[in-house]
**Q** 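Have a look at this one before I ask anything.
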Protein chains: 2
Amino acid sequence: MAKPKKTWFAILGLLSWRPMSGYEIKKFVENALSFFWSESYGQVYPTLKALVDAGLAKKLPRDGLGSRRQRYSITERGKRELAKWLSSPSEPPKSRNEFELKFFLNSSRPQKHNLKLVEEYRSQQQELLKDFLESEKLLKIAVRNDALPEELLESMPEIGDSDNQQLTVFYLTLRHGIHAARARIAWCNEVLSFLQS
Amino acid sequence: MAKPKKTWFAILGLLSWRPMSGYEIKKFVENALSFFWSESYGQVYPTLKALVDAGLAKKLPRDGLGSRRQRYSITERGKRELAKWLSSPSEPPKSRNEFELKFFLNSSRPQKHNLKLVEEYRSQQQELLKDFLESEKLLKIAVRNDALPEELLESMPEIGDSDNQQLTVFYLTLRHGIHAARARIAWCNEVLSFLQS
DNA sequence: TAAACTATATATCAAACTGATATATCGTAG
DNA sequence: CTACGATATATCAGTTTGATATATAGTTTA
């Protein structure tokens, strides 16, 4: 029957940081969380309505006279439900990694196909790591100084009004991405030297 | 319009190894590929039919008189389509990692929640790594000796009639899982010492 | 040996989710 | 003043999941 509704809690969790509009939520996930989470507009807007109907979130009055954006905030009931979910155990992720599938299925074809595939994957991951390390440097400074560097605000305006504890968790989450990217690059190097030997 | 149909090529790819039934496909993915791929019955059976309709796979005659299982094999056209897909670039995976989301969203709650969460995650990953290392040991022997150890056949009967190149790719794919699990454990250790300091 | 399990095997479906597209307004660079 | 990109909300067909239904073969245990 497909019961998860992870989107419900993902959105509720973001609203627990601060009030946001559907557009802001989508952009935030896309810009700042994309290496471990994703949401689509097709989920965000209906879910916001459903959260209101369930009494877990509520519409805020549109500030500014002609303001187009509709912001939502979390309710007390929403906070309680969120806390419950946050403490529940996480099922191990059902990943679907297209690259790994291709690598695996290539086994009955000449190895040169896989060499090319792995080299492409490696540069993809190196690019990713570069971006992570950039953000890490800035976030580290922010956490230490309890103040946000200009460049970070430019590249991620969403984190503008985060407090120190939120920045710390953000930093630690990013470290997860860095560890993962490095592991994937190390694997590529291992495979390339294995296949070329 | 949601065009991927990754399931089509995942199934086609497995059929390119050898003929399989829907049930075998589901079990194989579940037992051997679960750390980077997943399929549900709800996808497998309709997709097998669709592949036949599209001329990419065909039904095999049921062997044995009262045999209940319906096997499918890949067609020449299927092989060509598969080869095309296998050479196409992979889009970076849109992951949805429930644990990372919870860790991130916990930022506005006391840190002790996250400590518990991370410790749970670490033992989950340590368990996973243990299994991977077990399989790795056996697969390594299999690749070196070009023969399958008894224990491996017992725990993964699916790989019974694989050739040496397939085993090698299987081994290398598993290494990806090992690198990833180790990276996650290393991250847990880093976070735990950070949060406890 | 009969009953209770467990694995094999196929099928179905509501709910969740994606990716693409439609529409309209605002700010601004040329 | 206008083309363009960012902001903002909405919709929907197609994909995928997770749960459940059904039935038979084999195996354990009372």
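The structure presented is a predicted model; accordingly, all values stated were derived computationally and were not measured. To find a chain, count down the sequence lines: A is the first, B the second, and so on, and within it residues start at 1.
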**Q** So which one's nearest nucleotide on DNA chain C is more toward 5', Tyr72(B) or Arg96(B)?
**A**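 So the residue in question is Tyr72(B).
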
**Q** Nearest-Å distance, CG (Asn31(A)) to P (dA6(D))?
**A** 11 Å

**Q** Over how many whole Å does the gap from Ile11(B) atom CD1 to dT15(D) atom C1' extend?
**A**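 Answer to the nearest Å: 13 Å.
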
**Q** Suppose we call two aromatic rings close when their centres sit under 6.0 Å apart. Are Phe99(A) and Phe36(B) close by that rule?
**A** no

**Q** Do NZ/NE/NH1/NH2 and the carboxylate oxygens of Lys130(A) and Glu127(A) come within less than 4.0 Å?
**A**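 Answer for the salt bridge query: yes.
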
**Q** For Gly42(A), answer base if it contacts any base atom (sugar-phosphate contacts may also be present), sugar-phosphate if it contacts only those atoms, and nothing otherwise; contact means non-hydrogen atoms under 4.0 Å.
**A**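 Touches a base.
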
**Q** Donor-acceptor pair, Gln70(B) side chain versus Lys59(B) backbone, under 3.5 Å?
**A** no

**Q** With a 3.5 Å distance limit and no angle check, can you tell me whether Arg175(A) reaches the backbone of Val191(B) through a side-chain donor-acceptor pair?
**A**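 Side chain of Arg175(A) to backbone of Val191(B): no pair is present.
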
**Q** Could you check how far CZ of Phe28(A) sits from P of dT7(D), rounded to whole Å?
**A** 15 Å

**Q** Does the distance from a Lys or Arg side-chain N to an Asp or Glu carboxylate O, for Glu24(A) and Lys27(A), drop under 4.0 Å?
**A**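 No salt bridge links Glu24(A) with Lys27(A).
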
**Q** For Leu51(B), which of Thr75(B), Thr7(B), Ile11(B) qualifies under side chain to side chain contact (heavy atoms under 4.5 Å, CB included)?
**A**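 With Leu51(B) as partner, Thr75(B), Thr7(B), Ile11(B) yield a single side chain to side chain contact (heavy atoms under 4.5 Å, CB included), made by Ile11(B).
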
**Q** What is the distance, to the nearest angstrom, from the CD1 atom on Ile25(B) to the C1' atom on dT8(C)?
**A** 15 Å

**Q** Which one, dC17(C), dT17(D), dT12(C), comes nearest to the side chain of Tyr41(B)?
**A** dT12(C)

**Q** What nucleotide, of dA11(C), dT8(C), dG18(D), holds the atom closest to the side chain of Ser40(B)?
**A**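 Selected nucleotide (nearest to the side chain): dG18(D).
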
**Q** Using whole Å, what does the distance between atom P of nucleotide dA23(D) and atom OH of Tyr45(B) come to?
**A**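 Rounded to whole Å, this separation is 16 Å.
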
**Q** For the side chain of Gln43(A), starting at C-beta, report the closest nucleotide among dA11(C), dT11(D), dT18(C).
**A** dT18(C)

**Q** At under 4.0 Å, does any side-chain N or O of Lys5(A) touch on OP1 or OP2 of dA15(C)?
**A**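 It does not, given that no N or O in the side chain of Lys5(A) lies less than 4.0 Å from OP1 or OP2 of dA15(C).
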
**Q** In this structure, how many angstroms lie between the C1' atom of dT15(D) and the NZ atom of Lys6(B), rounded?
**A** 10 Å

**Q** Between protein and nucleotides 22-25 of chain C, what N or O pairs are separated by less than 3.5 Å?
**A**
residue: dT25(C); atom: O2; partner: Arg68(A); partner atom: NH1; Å: 3.4

**Q** Let me know, please, whether Lys94(B) or Pro46(B) comes out on the 5' side of the other along DNA chain C by nearest nucleotide.
**A**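 Its nucleotide being nearer the 5' end, the pick is Pro46(B).
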
**Q** Can you figure out which of dT18(C), dA6(D), dT16(D) approaches the side chain of Tyr23(A) most closely?
**A** dA6(D)

**Q** May I have the distance from Arg71(A) (atom CZ) to dT7(D) (atom P), rounded to whole angstrom?
**A**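 After rounding, the reported distance stands at 13 Å.
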
**Q** Would the Phe103(A) and Trp187(A) ring centres measure less than 6.0 Å apart?
**A** yes

**Q** Check this one for me: any side-chain N or O of Ser38(A) less than 4.0 Å away from OP1 or OP2 of dT18(C)?
**A** yes

**Q** In this structure, how many angstroms lie between the P atom of dT16(D) and the CD atom of Glu39(B), rounded?
**A**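 One finds 7 Å between P of dT16(D) and CD of Glu39(B), rounded.
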
